[in-house]
Structures are given as C-alpha cells and as structure tokens.
Amino acid sequence: MFQGDSPIAPELLNDWIEVQSKLKKKLVTEDDFKWKVGTKIEGGDSCQVLKYIGGVDLSLWKEDSSVACATLVVLELKTLEIVYQDSSVVRLSVPYVPGFLAFREAPVLLELLDKMKASSHPFYPQLLMVDGNGILHPQGFGLACHLGVLANIPTIGIGKSLHHVDGLSKSTVRERFEMDGNSSQDIIPLVGDSGQTLGAALLSTRGSSKPIYVSIGHRISLAVAIDIVKLSCKYRVPETIRQADIKSRQYLQNSRLIFKGKVTGNAL
DNA sequence: GCGACAG
DNA sequence: ATCTTGTCGC
C-alpha cells in the first residue's frame with residue numbers, strides 16, 4: 001500500500017508531466033527499422049525479416065497491489081511460440097495514476113529489457129508490444145511510447161479498454177463500428193476531436209464484439225503496427241501480451257506459495 | 001460540483 | 001490490476 005492510498009503529491013505530478021513532455025520530443029512516429037514484415041523474399045534483397053516480437057506485462061499481488069511480477073516474453077512471429085521468457089518480482093514505488101502508468105511499470109520492464117540486451121541475447125526482440133497505450137493517451141505519450149523511447153526499440157501499445165481521450169468514448173467507437181455495419185469492418189480508426197488519428201479499434205477475433213485498442217508507441221507507423229498485431233492474434237489479445245500475462249501470473253503464484261512456505265525447493 | 005479515468 | 005462459476009453457443 002502507499003500510505004493508506006493517499007493521493008500523489010501535486011508537485012510530483014508536475015514532474016511527471018514534464019518528464020513526459022521531454023521524452024515526447026524524442027518520439028518517432030514513423031517506421032524506423034531495417035526489417036520487413038511477412039515472408040516476401042525479394043530477389044537480391046538482403047534485408048532482415050521481422051522474426052522476434054516481444055511482449056511485456058505485470059501481474060499484481062491481490063493482497064498488496066504494490067507487489068508485482070513483471071514478465072518479458074519473446075515469440076517467434078511465424079510460429080507464435082515462446083523462445084525467451086524472464087520474470088522479476090518487485091515492490092512498485094508508486095501507485096497507479098491514470099495517465100501515468102509508465103512511472104509505475106516502466107522501471108521494472110526496462111530492467112528486463114536491459115538484462116537481455118546486456119547479454120547480447122540472439123532473441124532480443126526487434127519489436128515490443130506493450131500492455132497499455134501508446135499515443136492514445138491524455139498527453140500523447142503512454143507507457144508504450146515511454147518504454148520505446150527509453151529502450152530505443154519499436155513499440156506498439158495494446159489497450160484492452162479505451163482510455164477516454166480527445167473526445168473518444170466507447171459509444172463513439174460502437175457507433176463507428178455499426179455505421180458501416182453492412183461492410184462489417186473489423187477495424188476502425190480512432191480519430192479524436194482534434195482530427196488526429198490516435199490509433200485503431202480492432203476486433204481481432206472473428207465475431208467478437210469487444211475490440212482491442214492499438215496505438216503506436218515508438219519508431220513504427222500505425223498501418224504496420226496493425227498488420228503485425230493481426231499476425232500475432234490467436235485470440236482477442238496478441239500472443240505476446242497474452243503469454244506475458246499468463247507467465248507473470250504463474251510466476252507470481254509460485255512466488256506466493258514459496259513465500260507462504262507451502263512449497264519447498266525451487267519450483268520456478 | 002460531479003463523473004471519467006490504460007493497468 | 002484483482003474479486004470469480006457457470007453458461008450460452010459454434
């Protein structure tokens with residue numbers, strides 16, 4: 001707990017807003033990578049193909065939401081099988097504040113990325129999917145952007161619920177889907193009142209009515225981000241995020257049992 | 001003043 | 001995030 005759930009000091013909030021606006025200046029909103037998506041093999045083209053995609057997520061300890069397990073997984077895009085995974089149980093230093101998720105979750109996730117990069121691991125992801133929004137955010141700089149800039153890696157933000165921003169609401173999204181009901185689109189752009197396209201709502205599973213919200217994090221375009229998300233969806237949530245969620249939950253569960261002395265030995 | 005508010 | 005079983009449907 002954080003001092004009986006007392007609110008964050010207003011001064012700290014100002015600091016956070018300043019950090020966001022400073023980091024935002026480094027944000028790249030276009031494709032900035034050497035690989036290509038898909039299996040197109042062009043003659044004489046020696047460029048790389050997107051092969052390793054990462055996913056990160058946190059699970060919280062229900063008795064104390066300041067205890068969390070952070071997990072990084074890397075999947076092979078072609079098979080969607082896990083080729084790398086690492087978890088870390090930590091005590092979070094700040095509570096969740098809407099719009100400032102990164103200050104709670106980014107530090108641990110960066111550690112996991114740094115650890116993998118420092119060991120020059122061959123499966124270090126070429127792209128990272130993040131459980132949380134990218135530019136679909138009150139300051140246009142959500143967790144996916146934050147992580148992308150600090151780790152200097154292309155990132156995609158995946159929201160499982162809509163963060164109401166720039167006039168966007170669930171009802172507007174629902175209406176937009178029903179609008180072209182005949183063509184039964186599985187994806188619609190999220191254009192805010194400002195006129196900017198902040199992301200897209202995607203019905204990733206056939207016949208599902210609950211969309212996921214895709215927005216760019218760093219060094220990628222929305223169109224390419226959407227292509228990759230579609231390629232990595234076996235279920236509603238992309239496998240990267242889904243597996244990171246499953247593994248972090250499992251790891252936390254095992255840690256809890258050991259902590260309570262109900263298990264001996266190393267079951268992790 | 002009241003509600004809304006990623007995870 | 002987390003609390004949580006069965007149930008309706010392909």
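Residue numbers begin at 1 in each chain, while the letters A, B, ... track the order of the sequences.
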Does a side-chain N or O from [X] land closer than 4.0 Å to OP1 or OP2 of [N], or not?
| X | N | result |
| --- | --- | --- |
| Lys160(A) | dA1(C) | yes |
| Ser169(A) | dA4(B) | no |
| Arg104(A) | dA1(C) | no |

Could you tell me if the ring centre of Phe103(A) sits under 6.0 Å from that of His146(A)?
yes
Sidechain N-carboxylate O distance under 4.0 Å for Arg219(A), Asp31(A)
no
Figure out the [atom1]/[atom2] separation between [X] and [N], and round it to whole Å.
| X | N | atom1 | atom2 | result |
| --- | --- | --- | --- | --- |
| Tyr96(A) | dT2(C) | OH | P | 14 Å |
| Gln253(A) | dT4(C) | CD | C1' | 14 Å |
| Leu136(A) | dC5(B) | CG | C1' | 13 Å |
| Phe141(A) | dA6(B) | CZ | P | 19 Å |
| Leu101(A) | dA1(C) | CG | P | 11 Å |
| Leu198(A) | dA6(B) | CG | C1' | 14 Å |
| Asp57(A) | dT2(C) | CG | C1' | 13 Å |
| His137(A) | dA4(B) | NE2 | P | 20 Å |

What contact category does [X] fall into here, base, sugar-phosphate, or nothing, at under 4.0 angstrom with non-hydrogen atoms?
| X | value |
| --- | --- |
| Phe100(A) | base |
| Gly142(A) | base |
| Gly157(A) | nothing |
| Asn133(A) | base |

State whether the distance check finds a donor on one side and an acceptor on the other, under 3.5 Å, for side chain His164(A) versus base dA4(B).
no
Decide, applying a 5.5 Å centre-distance limit and a 30° plane-angle limit (both strict), whether Tyr213(A) stacks on dA6(B).
no
How long is the span from the CG atom in Leu136(A) to the CD1 atom in Ile158(A), to the nearest 0.5 Å?
11.0 Å
Could you pull out the closest heavy-atom pair between Cys145(A) and Gly140(A), with the gap in Å?
SG-O, 4.3 Å
Same apolar cluster: Leu128(A) and Tyr52(A), side chain cutoff 4.5 Å:
yes
